[in-house]
Amino acid sequence: MEATDRQGKICLVVGGGGFLGRHIVEKLLDRGYEVHVFDLRETFKDDRVTYFLGDLCKKEDLLPAMKDVFVVFHCATPSPLSNNKELFHKVNCHGTKTIIEACKEAGVKRLVLTSSASVVYEGKDVENGTEDLPYACKPMDYYTETKILQEKIVLEANSDDFFTVAIRPHGIFGPRDPHMVPTTVRTAKAGKMKFKIGDGKNIVDFTFVENVVHGHILAAEHLEPGSKICGKAYHITNDEPIFFWDFLSKILTGLGYNAPKKNLPFWLVYIIAVILQVICFLLKPIKQIHPTFTPMTVSLAGTHHYYSCQRAIADMGYKPLVNLDDAIQKTVDSFPELRNTSK
Ligand SMILES: NC(=O)C1=CN([C@@H]2O[C@H](COP(=O)(O)OP(=O)(O)OC[C@H]3O[C@@H](n4cnc5c(N)ncnc54)[C@H](OP(=O)(O)O)[C@@H]3O)[C@@H](O)[C@H]2O)C=CC1
Ligand SMILES: CC(C)CCC[C@@H](C)[C@H]1CC[C@H]2C3=C(CC[C@]12C)[C@@]1(C)CCC(=O)C[C@@H]1CC3
């Protein structure tokens, strides 16, 4: 899409106050779009942005933000690492249906959903997985369960006059990442990062946030009547699968922490995670505890899970803008506050 074509076009980013959402906002502004942000809280200030505060589960909150909008990016979610079943179903399922209703009522024709490559992951190895893999029959957590339902809702809503597409990133990291890097550092500081889970040879996709943003905007600019991308899902990765523990080690050593050297059997850590999950469930009426080592995070740390993005390359001309090494360096440099000062 030419720069002149973007002028005057309004993009609405639902969840635009979050990690990925704010990066999408910034890139849309750079490309000359007018940008609306819809979120629960105003997490940043930018005079170029029109900020709408509200709950995406309420259509009356959404409609003012949708006036004259060219495309909606839906990248809102409760925190992927929480375990609140009701909240996940409310926001990711009911809320997504509400967004679609509001789009149609406001005359918005395009919806780009941020889905997740994890919708096909159920704790077993996925090697170079394509978008044709079936959805996980037994999702490992409520987050994944609701991301599957959400993607189905959005892709099934595609029609001759309402165009939808789902972008499936995996393991997003980068500046202002609230999950990957802070959790890794917190775990290292707690002395729980001395061991690799498993043999350390499981291969995983980690995707730099600027590449995820690029995939979203490419999809939005291809989302036209008759386009082959309508109603489809697309993996967006760095296209550089890496040993999971090599990636974490680069992040840790880049921030001045020791990388794990020894190995613990995967099955042992997994059993401990399951026992922890049962204990947290039993203690729930008394105290909410969110352990770092859940069956999901342990599985992600000990199995292969990398995906083909050939469909995005073929259909949208996708190509990662930032390679993994440069991305890791940019990310490490963006977190001076997480650097190890005790050495
Ligand atoms: N992070 C990752 O590695 C991956 C993420 N994804 C997907 O990418 C998207 C963005 O993830 P990420 O940026 O990490 O998430 P964040 O939590 O950083 O951002 C989500 C934003 O949505 C907001 N939000 C939550 N509930 C509502 C609501 N009811 N109404 C309005 N806004 C709401 C959040 O507000 P608040 O913070 O106040 O709750 C937050 O600002 C998500 O759809 C996620 O599923 C996919 C693959 C990997
Ligand atoms: C404690 C260590 C064993 C792991 C530290 C890193 C983890 C916090 C991250 C490693 C893989 C990440 C991941 C996600 C969140 C953070 C990790 C578990 C997601 C679950 C985020 C939401 C998604 O859609 C899928 C991601 C898969 C990878």
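Start at 1 and go down the list; that is how both ligands and their atoms are numbered.
- Closest to atom 15 (C) of ligand 2 among all protein heavy atoms lies L81 CD2, 4.0 Å.
- No cation-pi contact links K189 to Y257, judged by a cut-off of 6.0 Å to the six-membered ring centre and 45° from its axis.
- Taking 4.0 Å as the cut-off between side-chain N and carboxylate O, R48 and D46 count as a salt-bridged pair.
- In this structure, K104 does not pair ionically with E101, as no charged nitrogen and carboxylate oxygen lie closer than 4.0 Å.
- Atom 17 (C) of ligand 2 has its closest protein heavy atom at M180 SD, 4.4 Å.
- Atom numbering of ligand 1 starts at 1 in the shown order; those under 4.0 Å from a heavy atom of I172 are 2 (C), 3 (O), 4 (C), 5 (C), 48 (C).
- The shortest contact between atom 14 (C) of ligand 2 and any protein heavy atom is with L300 CD1, 4.6 Å.
- The pair E210-K27 does not meet the salt-bridge criterion, since no charged nitrogen lies less than 4.0 angstrom from a carboxylate oxygen.
- For ligand 1, the polar-atom distance check finds an N/O of K147 within less than 3.5 Å of one of the ligand's N/O atoms.
- Closest heavy-atom contact between S115 and E151: OG-OE1, 2.6 Å.
- A salt bridge does not link R339 to E337: none of the charged side-chain nitrogens sits closer than 4.0 Å to a carboxylate oxygen.
- Atom 6 (C) of ligand 2 has as its closest protein heavy atom T184 OG1, 3.5 Å.
- Cation-pi geometry between R311 and Y234 is met: the NZ or CZ atom falls under 6.0 Å from the ring centre, inside 45° of the normal.
- Note: no N/O pair closer than 3.5 Å links T187 and ligand 2 by distance alone.
- In summary, the atoms of ligand 1 found under 4.0 Å from a heavy atom of A76, numbered by their order in the structure, are 22 (O), 24 (N), 33 (C), 43 (O).
- Of the protein's heavy atoms, T297 CG2, 3.8 Å lies nearest to atom 18 (C) of ligand 2.
- Under the 4.0 angstrom criterion, atom 27 (C) of ligand 2 counts as having a protein heavy-atom contact.
- In this structure, the protein non-hydrogen atom closest to atom 24 (O) of ligand 2 is Y143 OH, 2.6 Å.
- Judged by the 6.0 Å distance and 45° axis criteria, K9 is positioned over the aromatic ring of F70.
- At the shortest separation from atom 2 (C) of ligand 2 among protein heavy atoms lies M193 CE, 4.1 Å.
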